[in-house]
There are 2 protein chains.
Amino acid sequence: MDITPSAVGRELDFPAVASPGSALSALESLAVPARYKNGEAVYRCNDPVDSWYRIVAGAARKFASTADGYRHIVDFLLPGDMFGFGTQGVRPFCVEAIVPGTLIIRYPRRDAEQLADADPQIARTIREATFDSIARLQRRMVILSRTRAIERVGAFLLEMADRGHGAPSHTVSLPMSRYDIADYLGMAVETVSRALTQLRTRRAIALRGVRRVQICDRPALAPAP
Amino acid sequence: MDITPSAVGRELDFPAVASPGSALSALESLAVPARYKNGEAVYRCNDPVDSWYRIVAGAARKFASTADGYRHIVDFLLPGDMFGFGTQGVRPFCVEAIVPGTLIIRYPRRDAEQLADADPQIARTIREATFDSIARLQRRMVILSRTRAIERVGAFLLEMADRGHGAPSHTVSLPMSRYDIADYLGMAVETVSRALTQLRTRRAIALRGVRRVQICDRPALAPAP
DNA sequence: CGCGTAGTTGACGCGTGTCAATTGCTGTGG
DNA sequence: CCACAGCAATTGACACGCGTCAACTACGCG
């Protein structure tokens with residue numbers, strides 16, 4: 001169910017993201033860190049929006065579930081990502097840790113907003129963080145619109161490779177299960193598995209352990225046939 | 001696809017806030033209006049980000065095109081929507097008008113950012129609108145992840161109905177072509193057409209003209225089957 | 001009136017979802 | 001330390017929905 005101990009160690013050893021400038025250090029004075037078990041909820045759907053978050057180590061999934069038991073993962077949260085932004089109302093999604101010992105920092109929303117109001121530099125930092133998250137979302141929409149399963153999985157692997165901070169880009173560690181990947185890409189688990197083996201037989205990737213992928217032929221993963 | 005991480009700038013769009021107040025009227029002093037013909041480009045991929053935009057009348061499409069001729073529409077821009085926001089880098093997407101005589105207002109970016117830095121109220125307004133934009137994008141991702149064609153089309157119609165400002169919510173006007181809808185939902189044109197006729201035979205919708213849809217059975221369009 | 005594009009409908013093959021069985025891995029308890 | 005339980009992951013068989021190719025209709029414009 002969990003990833004191998006060695007992989008866990010690597011994830012947890014991730015250094016805190018370098019804070020750009022002194023602006024963020026003011027924000028850091030509000031930080032409230034916490035650890036989460038595998039599957040534990042960071043916040044739930046319909047909870048009030050009273051905090052913003054940043055993930056330091058481990059991984060989490062942001063998802064929506066419909067009445068008919070259908071679940072869709074909107075985003076995977078990796079070390080360095082900020083999430084949970086919002087000003088009022090309630091959470092439209094749930095967030096759960098998917099790696100044991102996931103470390104997440106919480107910023108009380110009201111205090112953070114006061115800081116942003118007082119310091120244009122902080123406001124600008126927050127603005128750019130949300131810009132990043134929107135750019136990521138739009139890129140992902142292009143990926144999701146792809147109809148072919150192999151193209152989706154290939155693009156997903158490339159996305160994870162590019163998000164893997166610091167690590168050599170040709171080996172990707174996938175902290176999430178195949179089921180999570182399936183709910184993320186909007187397809188069946190079996191199709192994810194089949195796409196991976198097909199990519200492997202094409203020598204585009206190689207599996208180093210179940211949740212470690214080595215990218216051998218990067219252009220083969222890009223959608224242009 | 002040609003959306004390489006390095007090429008992706010920072011861009012976002014969000015609907016105009018309902019309560020502009022005095023803050024936004026300061027922004028309005030920077031406004032530069034212009035009209036566009038059908039298919040005319042507002043800006044192109046890789047253009048520098050030197051302006052923000054707001055659409056007043058007509059409609060436009062924001063899309064990415066890949067080397068293999070594949071095109072994906074990331075967003076439809078309707079009256080009231082702001083778009084083209086970003087701080088640096090180049091445009092990751094193109095924007096084209098899809099209705100003749102589309103009226104779009106342009107805000108020079110540097111001046112607008114200075115306003116945001118000087119006035120926390122403007123910064124907050126932009127920030128909140130950005131959060132809304134993220135919520136909308138994530139909601140759309142849930143729609144796109146649906147595998148069934150009818151569910152996608154149904155959710156799309158509901159989305160357009162909810163975005164239809166002021167108009168009675170049970171009749172939706174679609175300013176875009178079937179091809180645009182197909183590229184937006186990530187499926188073939190024929191499938192869009194078939195889904196519409198199937199929804200029509202189910203008495204869920206009725207076509208009042210080719211691009212006017214009356215919603216008869218709203219729950220039938222909702223994703224729970 | 002004829003042309004061009006948008007839109008619809010039909011036929012057919014393939015890819016993907018579904019159901020089912022097997023293997024592999026992890027953590028637990030004897 | 002081993003055996004077992006339980007889940008993750010893979011692989012196979014099969015039906016069906018969707019993409020593709022094609023033909024036809026509807027509408028607008030010169």
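All chains are named by letter (A, B, ...) in the order of the sequence lines, taking the proteins before the strands, and each is independently numbered beginning at 1.
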#### Entry: Flag, side chain of A:Thr191 to backbone of A:Met187, donor-acceptor distance under 3.5 Å
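No, the answer is negative, given that no donor and acceptor are paired below the 3.5 Å cut-off.
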Can you check the [X] [atom1] to [N] [atom2] distance for me, whole Å?
X	N	atom1	atom2	answer
B:Leu196	C:dT8	CG	C1'	10 Å
A:Asp180	D:dA8	CG	P	9 Å
B:Gln198	C:dG7	CD	P	19 Å
A:Leu174	C:dC25	CG	P	17 Å
B:Arg212	C:dA6	CZ	P	21 Å
A:Arg178	C:dT23	CZ	C1'	14 Å
B:Glu190	C:dT8	CD	P	11 Å
B:Tyr179	C:dG7	OH	P	7 Å

### Query
Between B:Val210 and B:Ile150, which has a closest nucleotide on DNA chain D that is more 5'?
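The residue whose closest nucleotide sits nearer the 5' end is B:Ile150.
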Taking only the side-chain nitrogens and oxygens of [X], find out if one of them lies under 4.0 Å from OP1 or OP2 of [N].
X	N	result
A:Thr197	D:dT11	yes
B:Arg200	C:dT8	no
B:Thr191	D:dC18	no

### Query
Can a donor-acceptor pair under 3.5 Å be found between the side-chain atoms of A:Arg194 and the base atoms of C:dT18?
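Per atom types, the contact qualifies.
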### Query
Between B:Arg152 and B:Tyr184, do the side chains contain an N or O donor and an N or O acceptor separated by less than 3.5 Å?
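Judged by distance alone, the side chains do not pair up.
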### Query
Any luck finding a side-chain donor-acceptor pair between B:Glu96 and B:Tyr36 under 3.5 Å?
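B:Tyr36 and B:Glu96 do not have a side-chain donor-acceptor pair below 3.5 Å.
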### Task
Mind telling me whether B:Tyr43 and B:Tyr53 have parallel, tilted or perpendicular rings, with 30° and 60° as the class edges?
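Judged by the thresholds at 30° and 60°, the geometry between B:Tyr53 and B:Tyr43 is tilted.
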### Task
Measure from NZ or CZ of B:Arg61 to the centre of the six-membered ring of B:Phe76, then state whether that distance is under 6.0 Å and the direction lies within 45° of the axis.
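The answer is no, since B:Arg61 fails at least one limit relative to B:Phe76.
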### Query
Contact class for B:Arg148 vs. all strands (heavy atom < 4.0 Å): base, sugar-phosphate, or nothing?
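Since only primed, P, OP1 and OP2 atoms lie under 4.0 Å of B:Arg148, the category is sugar-phosphate.
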